[in-house]
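Below is one structure, written out as structure tokens; comments come after it.
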Amino acid sequence: MADAPIGIFDSGYGGLTVARAVLDQLPHESIAYFGDTARAPYGPRPIAESREFALECLDRLVDHGVKALVIACNTASAAVLHDARERYDVPVVEVIRPAVRRAARATRNHRVGVISTRGTHQSGAYVDAFAAAPHLEVTSVPCPRFVELVESGVTSGPEVIDVARDYLAPLVDRDVDTLVLGCTHYPLLTGAISYVMGDGVTLVSSADETAKDLYRVLADRDLLRPGHLPPPEHGFTTTGDAEEFRALARRFLGPEVGDVYGNSVVRTVVVAR
């Protein structure tokens with residue numbers, strides 16, 4: 001079982017930043033990524049529909065034989081976490097609570113900000129997760145255009161800074177000293193966000209914190225891949241257009257993306273070793 005891949009699920013492309021963090025922190029592990037890009041985004045959908053779609057995709061990963069599941073989608077994490085932990089025999093890690101725990105430890109003035117998509121903001125998932133730390137003042141701000149900018153390849157420059165200043169103004173006014181990047185697209189905008197917020201503000205990446213949580217779970221359950229095994233292999237599957245997925249995967253994940261294969265049901269992107 002320790003040689004089995006880690007299953008990573010997202011409704012779209014943002015979860016690839018989680019995959020990147022997993023590859024960086026667990027370089028000897030294989031991953032199997034499933035992106036439901038044909039039905040993304042999940043945010044505007046009814047929660048019951050998001051739960052149905054997410055469980056369908058997670059079922060496919062479990063059928064593939066993964067040793068752990070990472071729900072790398074904020075909306076899906078809020079919708080399906082409890083169901084997934086009851087449904088599957090493998091450990092399930094999500095993106096919300098690891099980031100919340102890190103932010104609660106990092107803040108010095110007890111003022112924490114959260115930026116996310118509109119759907120995640122409206123769900124209240126992060127604010128609810130901070131309920132265990134009532135001494136913190138939490139300000140949540142939706143930043144919907146950030147996703148559009150990242151997926152169009154615009155991650156720096158005057159336009160990004162202007163949009164960031166507009167979105168982040170309430171957090172600057174609140175004097176938050178810790179900011180949770182509550183969308184897996186947002187790590188690609190770290191430069192602009194840090195520039196606007198200032199060096200004194202700690203940025204908490206949900207992608208990095210999820211990878212750390214995954215490492216802990218695998219180590220605790222003796223599921224880390226043995227070091228004597230050959231180099232890992234990674235596979236990526238999308239329900240949408242494979243060529244579009246490959247192009248965006250290179251932007252989010254890096255240059256490792258290899259050949260693209262597909263069929264009429266799902267389309268698979270194979271990543272080189």
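Source: prediction; values computed, not measured.
Between L149 and V163 the shortest side-chain heavy-atom distance falls below 4.5 Å. Looking at heavy atoms from C-beta onward, E29 lies in side-chain contact with L224 at the 4.5 angstrom threshold. In this structure, L203 and S194 have side chains that are in contact, with non-hydrogen atoms separated by less than 4.5 Å. Residues I6 and L218 have side chains in contact (heavy-atom distance under 4.5 Å, counting atoms from C-beta outward). Residues R111 and R174 have side chains not in contact (no heavy-atom distance under 4.5 Å, counting atoms from C-beta outward). Side-chain contact between T117 and F146 is absent, with no heavy-atom pair separated by less than 4.5 Å. V141 places none of its side-chain heavy atoms less than 4.5 Å from the side chain of V114. Counting heavy atoms from C-beta outward, V92 and I71 have side chains that approach closer than 4.5 Å.
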> Stepwise, does the side-chain contact (heavy atoms from CB on, under 4.5 Å) test hold for L16 with F236?
Replying inline: CA-CA 10 Å; L16 290 164; F236 290 63; 3.2 Å; yes

> Is there a side-chain contact (heavy atoms from CB on, under 4.5 Å) between L69 and V62 once you walk through the steps?
Replying inline: CA-CA 8 Å; L69 287 169; V62 171; 3.7 Å; yes

> So E52 and R45, salt bridge (charged side-chain N to carboxylate O under 4.0 Å, His left out) or not? Walk me through it.
Replying inline: CA-CA 11 Å; E52 176 188 351; R45 296 182 181 276; over 6 Å; no

> Run the side-chain contact (heavy atoms from CB on, under 4.5 Å) check on R165 and D162 step by step: do they pass?
Replying inline: CA-CA 5 Å; R165 281 178 172 151; D162 287 345; 4.3 Å; yes

>> side chain to side chain donor-acceptor pair (under 3.5 Å) for T238 and T37? Distances and angles first, verdict last.
In response: CA-CA 6 Å; T238 175; T37 55; 2.5 Å; yes

> Going through the checks in order, is the side-chain contact (heavy atoms from CB on, under 4.5 Å) test met by V150 and F252?
Replying inline: CA-CA 9 Å; V150 168; F252 281 80; 3.5 Å; yes

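Residues R225 and D3 share a closest heavy-atom pair of NE-OD1, 2.7 Å. Contact detail for A72 and D10: the closest heavy-atom pair is O-OD1, 3.4 Å. Nearest heavy atom pair, residue A54 against residue V80, reads CB-CG1, 4.1 Å. The minimum heavy-atom distance linking E94 with S77 is given by the pair CB-OG, 3.4 Å. When all heavy atoms of A19 and I8 are compared, the pair lying nearest together is CA-CD1, 3.8 Å. What you find for N109 and D177 is that their closest heavy atoms are N-OD2, 2.9 Å.
Atom CG of L168 and atom CD1 of I161 lie 11.5 Å apart (nearest 0.5 Å). Atom OG1 of T239 sits about 4.0 Å away from atom CG of D36, to the nearest 0.5 Å. Separation of atoms OG (S206) and CG (N74) is listed at 5.5 Å; rounding is to 0.5 Å. Taking CD1 from I115 and CE from M197, the interatomic distance works out to 8.5 Å, rounded to the nearest 0.5 Å. Rounding to the nearest 0.5 angstrom, the gap separating the SG atom in C143 from the OH atom in Y186 is 5.0 Å. Here R145 contributes atom CZ and L189 contributes atom CG; the two are 11.0 Å apart, rounded to the nearest 0.5 Å.
A salt bridge (Lys or Arg N to Asp or Glu O under 4.0 Å) with E56 is found for exactly one of R51, R87, R39, namely R39. In summary, of the residues considered (V180, L179, V176), a side-chain contact (heavy atoms from CB on, under 4.5 Å) with V112 occurs for V180 alone.
By the rule that hydrophobic residues join a cluster once side-chain heavy atoms approach within less than 4.5 Å of another member, I47 and I96 end up as members of separate clusters. The cluster map of Ile, Leu, Val, Met, Phe, Trp and Tyr, joined by side-chain heavy atoms under 4.5 Å apart, puts V70 and M1 in the same cluster. Linking ILVMFWY residues whenever their side-chain heavy atoms come closer than 4.5 Å, directly or via other members, leaves L26 and L229 in distinct clusters.
Between the side chain of S30 and the backbone N or O of E233 there is at least one donor-acceptor pair closer than 3.5 Å. Judged by distance alone, with hydrogens and angles left aside, the side-chain atoms of T107 form no donor-acceptor pair with the main-chain N or O of A104 at under 3.5 Å. K67 places no side-chain N or O within donor-acceptor distance of the main-chain N or O of V90, the cut-off being under 3.5 Å.
For R101 and D213, the salt-bridge test passes: some basic side-chain N is under 4.0 Å from an acidic carboxylate O. In this structure, D208 does not pair ionically with K212, as no charged nitrogen and carboxylate oxygen lie closer than 4.0 Å.
The closest side-chain donor-acceptor pair between S123 and T120, if any, does not fall under 3.5 angstrom. A donor-acceptor contact closer than 3.5 angstrom links the side chains of H121 and S140. Between the side chains of E151 and H185, at least one donor N or O sits under 3.5 Å from an acceptor N or O.
Counting heavy-atom neighbours within 6.0 Å of D199 CG, excluding the residue itself, gives a total of 12 or less. Other residues, nucleotides and ligands contribute at most 12 non-hydrogen atoms within 6.0 Å of the OH atom of Y215. The environment of D222 atom CG is sparse: at most 12 non-hydrogen atoms of other residues, nucleotides or ligands sit within 6.0 angstrom. Residue H82 qualifies as open at atom NE2: its count of foreign heavy atoms under 6.0 Å is 12 or below. Taking a 6.0 Å sphere around OH of Y195, one finds it holds 12 or fewer heavy atoms contributed by other residues, nucleotides or ligands. Counting non-hydrogen atoms of neighbouring residues, nucleotides and ligands closer than 6.0 angstrom, the CZ atom of R85 exceeds 12 such neighbours.
The aromatic rings of Y42 and F9 lie tilted to each other, with the angle between the two planes from 30° to 60°. Taking the six-membered ring for Trp and thresholds of 30 and 60 degrees, F245 and Y33 have ring planes inclined between 30 and 60 degrees apart.
Checked against the 6.0 Å centroid criterion, the rings of F34 and H64 do not qualify as a close aromatic pair.
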